[in-house]
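Structure first, commentary second.
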Amino acid sequence: MLQKDLKVGTFNLLNLVSQGLPYYEREGYDKDTYEKKINWIAKQIDKMEVDIVGFQEVFHEAALRDVLKKTEKLKDAHVKVAAANGKLPRVAIASRFPILESEVFEAFPSQLEMEGQKIPIDDFSRPILKSMLKINEELTFCVYVVHLKSKRPLFEGKESRKDPVALAKGQVRALIRRGAEAAALRELLMKDLMFRSHPVILLGDVNDNGLSVTSRTISGEPPHKRYPQEVKKKIWDVLLYHVKDIQARRSYHDHYFTHIHNGFHEALDHIMVSEELVKENPKSIGAVNYVHIFNDHLLDETLSRDEPNQWQSDHGQVVATLNLRRKREKK
């Protein structure tokens, strides 16, 4: 029998580092700050009430386990961290359901080329994590957890951060890397989206809004309305659907933002699902029922005189409630 409802979420933790250990050439958290950080994260997870959650910016698996031990629902969760080395932020997953297997992708599946020239980017800035979760005897989820390159400019050599031209070039370099990562991720996803017998879910911080080129590269583009139905079906089959869009079609309001930078409210954190979890698909096994954004802790520093707390995340969390109905027929 299928579980009727379950919740999946994504959570950028903002530098979850074990107590006293340095990160990014900064001093580590003292005991008091560390306790505040893991307690705040644990309380936030309990508010989210998630069954499955993808994390970003995990430096140490031990710190993540310290967090989960303080939660109610995920204290006994199955955990996997992608290529943790303590020096750089990584993605991770925690699940109430068994993790059957996991795979970490650091290198691109193939090299990008432009006008016959290879683009000199062939790996992800943060490795991608793919996990197969056993929901019950009948149902397995394929879950990707991702964290793409940020919008922070990439400067080279002696370029000045105050030089407008150097800044423009740095922003484009960051965009090129994020775009390359998005294309490589799409290539990985296609291996699971084609001829599959299980739903695919993507959780993560893609560092761009849902309508951006990079986000749509990951999810794929919906078919043109004039395409023949059989062509549309083939395209629908390999799309990922943004839960934000699914929610927006059912609501008069759109308050979806997960990050505030210099006064701009942005949606950087996303959940995407394959057609098995889309209501409009007649063969779906369930549907996205509700999307909840936990962003009350975010401060607009251009308006507020308050300072953000060091132990809180600078991202909001996204949770999608999935209503499961029946097992989908195999293709």
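- By the 4.5 Å side-chain criterion applied to Ile, Leu, Val, Met, Phe, Trp and Tyr, L175 is assigned to no cluster and stands alone.
- Around the NZ atom of K169, the shell of radius 6.0 Å holds no more than 12 heavy atoms that belong to other residues, nucleotides or ligands.
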N/O donor to acceptor pairs below 3.5 angstrom from side-chain atoms of residues 74-88, sequence neighbours left out:
| unit_1 | atom_1 | unit_2 | atom_2 | d |
| --- | --- | --- | --- | --- |
| N85 | OD1 | K87 | N | 2.9 |
| N85 | OD1 | L88 | N | 3.1 |

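- Nearest approach of L193 to V238, heavy atoms of both residues: CD1-O, 3.1 Å.
- A distance-only check finds no donor-acceptor pair linking the side chain of R96 to the backbone of I52 [under 3.5 Å].
- Between the CD atom of E49 and the NZ atom of K47 there is a distance of 11.5 Å, given to the nearest 0.5 Å.
- Looking at T10 and Q56, their side chains do bring a donor and an acceptor atom within 3.5 Å of each other.
- Minimum interatomic distance between V206 and S215 (heavy atoms only, all atoms of both residues): CG2-OG, 3.6 Å.
- Scanning all heavy atoms of the two residues, the minimum distance from K37 to N15 falls at CE-O, 3.3 Å.
- The distance from the OH atom of Y144 to the CG atom of L202 is 9.0 Å, given to the nearest 0.5 Å.
- Heavy-atom minimum distance, R196 versus D192: CB-O, 3.0 Å.
- Put simply, I121 and L112 are part of the same group of oily side chains (I, L, V, M, F, W, Y) that touch within less than 4.5 Å, one to the next.
- In this structure, K151 places its NZ atom where more than 12 heavy-atom neighbours from other residues, nucleotides or ligands lie under 6.0 Å away.
- When the shell of 6.0 Å around CD of E27 is examined, it contains 12 or fewer heavy atoms from other residues, nucleotides or ligands.
- The two residues N207 and D205 have their closest heavy-atom pair at N-OD1, 2.9 Å.
- Side chain of Q312 to backbone of W40: no donor-acceptor contact under 3.5 angstrom is found.
- Distance alone, capped at 3.5 Å, is enough to place a donor-acceptor pair between the H297 side chain and the H315 backbone.
- Here the closest non-hydrogen pair linking K7 and V319 is CB-CG1, 3.9 Å.
- The hydrophobic cluster around L167 extends to F155, counting ILVMFWY residues whose side-chain heavy atoms fall within less than 4.5 Å of a member.
- Taken from OH in Y34 to CD in Q310, the straight-line distance is 13.5 Å, to the nearest 0.5 Å.
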| message | I'd like to know whether K233 forms a salt bridge (charged side-chain N to carboxylate O under 4.0 Å, His left out) with E230, so could you lay out the CA-CA distance, the side-chain angles of the two residues, the decisive distance to 0.1 Å, and finally the verdict. | response | CA-CA 5 Å; K233 286 181 179 179; E230 288 306 309; 3.6 Å; yes
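- Proximity of a side-chain donor or acceptor of Y241 to a complementary backbone N or O of W236 within less than 3.5 Å is detected.
- Linking ILVMFWY residues whenever their side-chain heavy atoms come closer than 4.5 Å, directly or via other members, leaves I93 and V50 in distinct clusters.
- At distances below 3.5 Å, at least one donor-acceptor pair connects side-chain atoms of E181 with backbone N or O atoms of K149.
- The backbone N or O of L6 sits nowhere less than 3.5 Å from a side-chain atom of D51 that would complete a donor-acceptor pair.
- Between Y29 and Y23, the two ring planes are tilted [angle within 30° to 60°].
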| request: Could you walk me through whether R177 and D123 pass salt bridge (charged side-chain N to carboxylate O under 4.0 Å, His left out), step by step? | output: CA-CA 9 Å; R177 169 163 275 285; D123 62 352; 3.5 Å; yes
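- Around atom CD of E113, more than 12 heavy atoms belonging to other residues, nucleotides or ligands sit under 6.0 Å away.
- Salt bridge present: D32 and K36 bring a charged side-chain N and a carboxylate O closer than 4.0 Å.
- The backbone N or O of S150 sits less than 3.5 Å from a side-chain atom of R178, completing a donor-acceptor pair.
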